[in-house]
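Each residue takes its place number in the sequence, starting with 1. Both ligands and their constituent atoms are indexed starting at 1 by order of listing.
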Amino acid sequence: MRQKMRTAVFPGSFDPFTLGHMDVLTSALKLFDSVIVAVGYNHLKHGFLHPDQRVRLISDSIRPLASTGADIEVVSYSGLTVDLCRKHNAEFIIRGLRTTTDFELESVIAQANRKMSPETVTVFIPASHEYSFISSTVVRDVIINGGDASSFLPSGIDIKNYM
Ligand code: ADP
């Protein structure tokens, strides 16, 4: 009997996508047949990078993974993550956890999503210790203040090409 494809959505602001996000994505690919990295944006909030540039940065970052045959799609969306999951027939939502604060926030969101869409299960992936200090907020601060953020970003990514 053929097994059903296990598709997961990895949603986030990804403003910008960091080595921490890359690490979560790499782990998720061990669990799922296909992962959709979904850049969530809000029309009313002006981000650091334009959502199209975030998608481009992620697409460039994942090229080495995709070239090994990993099934990854990168999309942008606004609205509810559970609606995006339904649209793509994805039964899983992936979120990364760095701290207990992340867990507290994320578990509330996971419960709300479960209530709205009982068929959708959230899977938490713990941060690797070498990346657990990386956040998009810190990376943005480094970039805005003229620092070198390359050690926080996926290899080969020059942030200037996306700003
Ligand atoms: P959001 O605004 O939706 O929280 P982020 O882009 O900040 O979006 O994060 C997306 C997901 O990646 C979240 O689940 C977040 O906890 C996780 N994440 C962010 N940085 C790291 C990291 N360094 N290690 C593991 N998970 C991370």
Side-chain angles (χ1 to χ4, degrees), residues 7-32 34-62 65 70 72-85 87-88 90-117 120-144 147-157 159 162-163:
T7 303
V9 164
F10 179 26
S13 310
F14 304 124
D15 193 20
F17 190 78
T18 68
L19 271 178
H21 295 131
M22 190 74 168
D23 184 55
V24 170
L25 173 63
T26 305
S27 299
L29 287 163
K30 294 180 184 155
L31 297 169
F32 302 102
S34 168
V35 177
I36 299 164
V37 183
V39 175
Y41 66 92
N42 179 338
H43 293 288
L44 303 174
K45 268 205 232 159
H46 205 72
F48 170 60
L49 299 181
H50 187 281
D52 294 346
Q53 297 305 324
R54 294 183 224 168
V55 167
R56 196 162 69 83
L57 189 157
I58 299 168
S59 303
D60 291 344
S61 305
I62 62 163
L65 281 176
I72 313 166
E73 195 181 339
V74 188
V75 301
S76 63
Y77 77 107
S78 59
L80 295 176
T81 305
V82 288
D83 289 340
L84 182 82
C85 290
K87 185 174 152 196
H88 289 272
E91 286 178 299
F92 303 93
I93 295 174
I94 298 158
R95 296 288 286 174
L97 294 182
R98 286 158 293 186
T99 58
T100 53
T101 311
D102 269 356
F103 175 74
E104 280 170 21
L105 290 169
E106 295 294 342
S107 57
V108 171
I109 298 169
Q111 283 163 29
N113 283 334
R114 194 74 191 257
K115 183 84 184 157
M116 288 186 285
S117 175
T120 312
V121 176
T122 300
V123 175
F124 294 135
I125 295 184
S128 299
H129 71 93
E130 62 264 54
Y131 303 125
S132 59
F133 69 95
I134 302 179
S135 69
S136 296
T137 307
V138 167
V139 174
R140 280 198 302 272
D141 279 349
V142 170
I143 296 163
I144 289 165
D148 177 7
S150 57
S151 60
F152 306 133
L153 296 169
S155 93
I157 295 298
I159 198 73
Y162 305 90
M163 293 169 68

Of the protein's non-hydrogen atoms, which lies at the shortest distance from [atom], and what is that distance?
atom	result
atom 1 (P) of ligand 1	Ser13 OG, 3.6 Å
atom 24 (N) of ligand 1	Ala127 CB, 3.4 Å
atom 12 (O) of ligand 1	His21 CD2, 3.3 Å
atom 6 (O) of ligand 1	Phe14 N, 2.9 Å
atom 20 (N) of ligand 1	Arg98 NH1, 3.3 Å
atom 26 (N) of ligand 1	Val24 CG2, 3.4 Å

Close N or O approach ([X], ligand 1; < 3.5 Å):
X	answer
Gly96	yes
Ser135	no
Tyr131	yes
Arg95	yes

Counting N and O atoms only, with roles assigned by atom type, does the side chain of [X] sit under 3.5 Å from a partner on the main chain of [Y], one being a donor and the other an acceptor?
X	Y	result
Arg95	Phe103	no
Arg98	Ala127	no
Ser135	Val138	yes
Ser117	Asn113	no
Ser128	Glu130	no
Ser136	Pro16	yes

So Phe92 and Phe32, would you call those rings parallel, tilted or perpendicular, with 30° and 60° as cut-offs?
-> tilted
